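Below: the structure, in structure tokens.
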Amino acid sequence: MVLKAFFPTCCASADSGLLVGRWVPEQSSAVVLAVVHFPFIPIQVKELLAQVQQASSVGMAVLGTWCHRQQEPEESLGHFLEGLGTIFSHEPWLQLCRERGSKFWSCKAIHRQVSAAPDVPNEDQVMLIFYDQRKVLLSQLHPPTVVSDHQDGDTIASTGGLAVVFDTVARSEVLFSSDQYDEGPVRLSHWQSEGVEASVLVELAKRASGPVCLLLACLLSLISAASGCRLWKLWPLPFIRSKLSTCEQLRHRLDHLTLVFSTQKAQSPAQLMRKANMLVSVLLDVALGLMLLSWLHSSNRIGQLADALVPVADHVAEELQHLLQWLMGAPAGLKMNRALDQVLGRFFLYHIHLWISYIHLMSPFIERILWHVGLSACLGLTVALSILSDIIALLTFHIYCFYVYGARLYCLKIYGLSSLWRLFRGKKWNVLRQRVDSCSYNLDQLFIGTLLFTILVFLLPTTALYYLVFTLLRLLVVTVQGLIHLLVDLVNTLPLYSLGLRLCRPYRLAAGVKFRVLEHEVGRPLRLLMQINPLPYSRVVHTYRLPSCGCHPKHSWGSLCRKLFFGELIYPWRQGGDKQD
């Protein structure tokens, strides 16, 4: 049988002593965590292992002995280490030794129980695998695997050996809390034995994070209580709040801040990573918003935008008037129904006249409105972009009205023609059973249906042309708003902390491991070096992507084309009864 021994590289130059770690019998693997050095009292070593096992829920044991002959020249040391096996009973008993004046290692796994068959050897082959203890401790294997500690006799599901190694090292962090400067009864060698990593700034931040989070959590709870006041539930405030992108974005950010500054500790590394991603997303959002605010208030750019807004609106209105006058003639040489053409053209021209009057009425207040809107950038770039989307929706409200009028008129004619077409075939739509049934019509009904069908057919080209033109204009506005919402969702959902961690410390996000052969000679144990394979950037984004706001509709191409053909309205917000493909 081949036994796998995972040995930390930081202990390769440690003094001789005992190997402390976890034995995984299901995989015939031994995970070495530390080396206990002389002098020690056996009962103190057992007490230390019991304390670590109680704190980490990892089955700790003395796995064997470690002999470093380059630092221990005494020949009697090897016999002394072999004698420790009678005090710390473990099957099998590992004996690792680094030979003097050579790069070779000797590895043995001895069974003290005498085999019943005399020909069966009492020693197993050992495969020595070196691993970086610090990187394995700080890394997280993907996909995350829940591995529980199992005692002798327990049965477990088939889990990868790598998951057991990563889980064992991560849960044994309490064992690495002491270093060589601690005056404890037992001296250990591990990745922090030269000195525990610490930072004054980190310790101060940890101590200040509790009161700060508590204060911010109380403040956010007050804001949430104020937003849930009954005054905001009076009609039409709930309807307006559900349709404005700014309100949805503020609610989304409030949920993020409530989760980030919650006093509850993260229960898993995934929750901790999610909190960190949200915090970095909020900080970056606010930083970009402050940069935008600084740019807007420098060189009086808000005044320049206000002065340019009214001429742009007038120019758009003039272009729409030219477009309507073109439609009221003979557009592209098409023969239109003159009466219906004149009625629709004058109806839309009157709406444009009302819109121009409204813009000129609001022109004295535009600069002040833009100034207050610019101040909202201190809440974040996403809030400013959401306000920009709402402003575009308000400025193009007349185009939306044109689209609604044309779509409703076109949809009415389409459904009228389909109903009259079923009349000619002796069919009708059964509303109760939601199906087409046979039906007999008399002569008068067929005559009236023929007249209505003829009228709708000859009026359909005029209506369809107006519907097509205003639908294209509406799609242009929706495309601009969609690009803004795409940028907002990018800032909201991009896991920036995880991507930065993947860029600066790729071993923190592990997709697996690879092994490099260090020694492979006949008669010598196979020695491998375990190296961590980082998670690809695409999987990092897919795994840690934050949830989006979810207030904008996401239509498939098939659903969008069907709605455009039948004249169904394409709303800029998500409807409650919509079925998303």
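Predicted model, so just to flag it, every value in this text is computed and none were measured. In what follows, every heavy atom counts, from backbone to side chain, and hydrogens, waters and symmetry copies are set aside.
By the 30° and 60° cut-offs, the orientation of the rings of Phe176 relative to Trp191 is perpendicular. Classified by interplanar angle (parallel below 30°, tilted 30° to 60°, perpendicular above 60°), the ring pair Tyr403/Tyr467 is parallel.
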Derivation of the side chain to side chain donor-acceptor pair (under 3.5 Å) call for Ser268 and Arg274
CA-CA 10 Å; Ser268 63; Arg274 183 183 181 186; over 6 Å; no

For the pair Tyr131 and Ile532, evaluate side chain to side chain contact (heavy atoms under 4.5 Å, CB included) and give the outcome as yes or no after the intermediate values.
CA-CA 9 Å; Tyr131 70 96; Ile532 296 177; over 6 Å; no

Using the rule given for side chain to side chain contact (heavy atoms under 4.5 Å, CB included), can you reason through Val286 versus Leu290, listing the C-alpha separation, both sets of side-chain angles and the distance that settles it, and then say yes or no?
CA-CA 6 Å; Val286 173; Leu290 293 177; 4.2 Å; yes

Could you walk me through whether Tyr405 and Leu409 pass the side chain to side chain contact (heavy atoms under 4.5 Å, CB included) test, one step at a time?
CA-CA 6 Å; Tyr405 299 151; Leu409 189 58; over 6 Å; no

Candidate pair Asp341 and Thr462, rule side chain to side chain donor-acceptor pair (under 3.5 Å), full reasoning:
CA-CA 7 Å; Asp341 193 11; Thr462 303; over 6 Å; no

Might you work through the side chain to side chain contact (heavy atoms under 4.5 Å, CB included) test for Met530 and Val136, ending with a clear yes or no?
CA-CA 10 Å; Met530 186 176 72; Val136 173; 4.0 Å; yes

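With hydrogens and angles disregarded, a donor-acceptor distance shorter than 3.5 Å links the side chain of Ser357 to the backbone of His353. Judged purely by atom type and a 3.5 angstrom limit, Ser262 has no side-chain atom pairing as donor or acceptor with the backbone of Thr258. The backbone N or O of Leu535 lies less than 3.5 Å from a partner atom in the side chain of Arg502, making a donor-acceptor pair. Looking only at distances, no side-chain donor or acceptor of Ser281 sits under 3.5 Å from a matching main-chain atom of Met278. Without hydrogens or angle criteria, Asp167 side chain to Ala163 main chain gives no donor-acceptor distance under 3.5 Å. Judged by distance alone, the side chain of Arg301 and the main-chain N or O of Trp295 form a donor-acceptor pair under 3.5 Å.
Heavy-atom neighbours of Trp421 CH2 from other residues, nucleotides or ligands within 6.0 Å: at or below the threshold of 12. The number of heavy atoms from other shown groups lying within 6.0 Å of NZ (Lys413) is above 12. Sparse packing is recorded around NE2 of His542, with 12 or fewer heavy atoms of other residues, nucleotides or ligands lying under 6.0 Å away. Other residues, nucleotides and ligands place no more than 12 heavy atoms under 6.0 Å from the OH atom of Tyr358. Lys428 NZ: 12 or fewer foreign heavy atoms inside a 6.0 Å radius. Annotation: Arg368, atom CZ; neighbour count of heavy atoms from other residues, nucleotides and ligands within 6.0 Å does not exceed 12. Environment of CD in Glu173: sparse, with no more than 12 heavy atoms of neighbouring residues, nucleotides or ligands closer than 6.0 Å. Annotation: Phe458, atom CZ; neighbour count of heavy atoms from other residues, nucleotides and ligands within 6.0 Å does not exceed 12.
Val260 is not listed as a side-chain neighbour of Val282, based on a closest heavy-atom distance of 4.5 Å or more. The shortest side-chain heavy-atom distance between Leu284 and Val491 does not fall under the 4.5 Å cut-off. Looking only at side-chain heavy atoms (C-beta outward), Gln531 and Lys135 stay at 4.5 Å or farther from each other. Using a 4.5 Å heavy-atom threshold, the side chains of Ser56 and Leu175 count as separate. By the 4.5 Å heavy-atom criterion applied to side chains, Ser57 and Arg171 are counted as neighbours. Using a 4.5 Å cut-off on side-chain heavy atoms (C-beta onward), Val165 and Leu141 make no contact. Under the 4.5 Å side-chain criterion, counting only non-hydrogen atoms from C-beta, Leu569 is in contact with Val404. At a threshold of 4.5 Å between non-hydrogen side-chain atoms, the residues Arg408 and Leu412 do not count as touching.
Tyr415 contributes atom OH, which lies 10.5 Å from atom OH of Tyr410 (distance to the nearest 0.5 angstrom). Separation of atoms CG (Leu385) and CG (Asp390) is listed at 11.0 Å; rounding is to 0.5 Å. Annotation: the span from Glu568 atom CD to Lys563 atom NZ amounts to 6.5 Å, rounded to 0.5 Å. Taken from OH in Tyr466 to CG in Leu323, the straight-line distance is 9.0 Å, to the nearest 0.5 Å. Here the CG-CE distance, from Leu349 to Met328, works out to 6.0 Å after rounding to the nearest 0.5 Å. Separating the NE2 atom in His372 from the CD atom in Glu367 is a distance of 11.5 Å, to the nearest 0.5 Å.
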Report all side-chain donor-acceptor pairs from residues 302-314 shorter than 3.5 Å, counting only partners two or more places apart or in another chain.
{"unit_1": "Gln304", "atom_1": "NE2", "unit_2": "Ser299", "atom_2": "O", "d": "3.3"}
{"unit_1": "Asp314", "atom_1": "OD1", "unit_2": "His360", "atom_2": "NE2", "d": "3.2"}
{"unit_1": "Asp314", "atom_1": "OD2", "unit_2": "His360", "atom_2": "NE2", "d": "3.4"}

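Checking Ser498 against Arg508 by side-chain atom types alone, no donor-acceptor pair falls below 3.5 Å. Side chains of Asn277 and Arg545: a donor-acceptor N/O pair is absent below 3.5 angstrom, by distance only. Judged by distance alone, the side chains of Ser548 and Asp489 never bring a donor and an acceptor atom under 3.5 Å apart.
Closest of all the heavy-atom pairs between Leu417 and Leu456 is CD2-CB, 3.5 Å. Considering every non-hydrogen atom in both Gly345 and Leu324, the closest pair reads O-CD1, 4.4 Å. Looking at every heavy atom in both residues, Pro495 comes nearest to Val541 through CG-CA, 3.9 Å. The two residues Phe261 and Leu279 make their nearest non-hydrogen contact at CZ-CD1, 4.5 Å. Here the shortest heavy-atom pairing between Ser376 and Ile387 reads OG-CD1, 3.0 Å. Minimum interatomic distance between Val169 and Leu137 (heavy atoms only, all atoms of both residues): O-CD1, 3.2 Å.
Test Leu473, Thr396, Ile352, Val469 against Phe402 for side-chain contact (heavy atoms from CB on, under 4.5 Å) and you get one pass: Ile352. For the side-chain contact (heavy atoms from CB on, under 4.5 Å) test with Asn337, the passing option among Leu460, Leu459, Thr463, Val343 is Leu459; the others fail.
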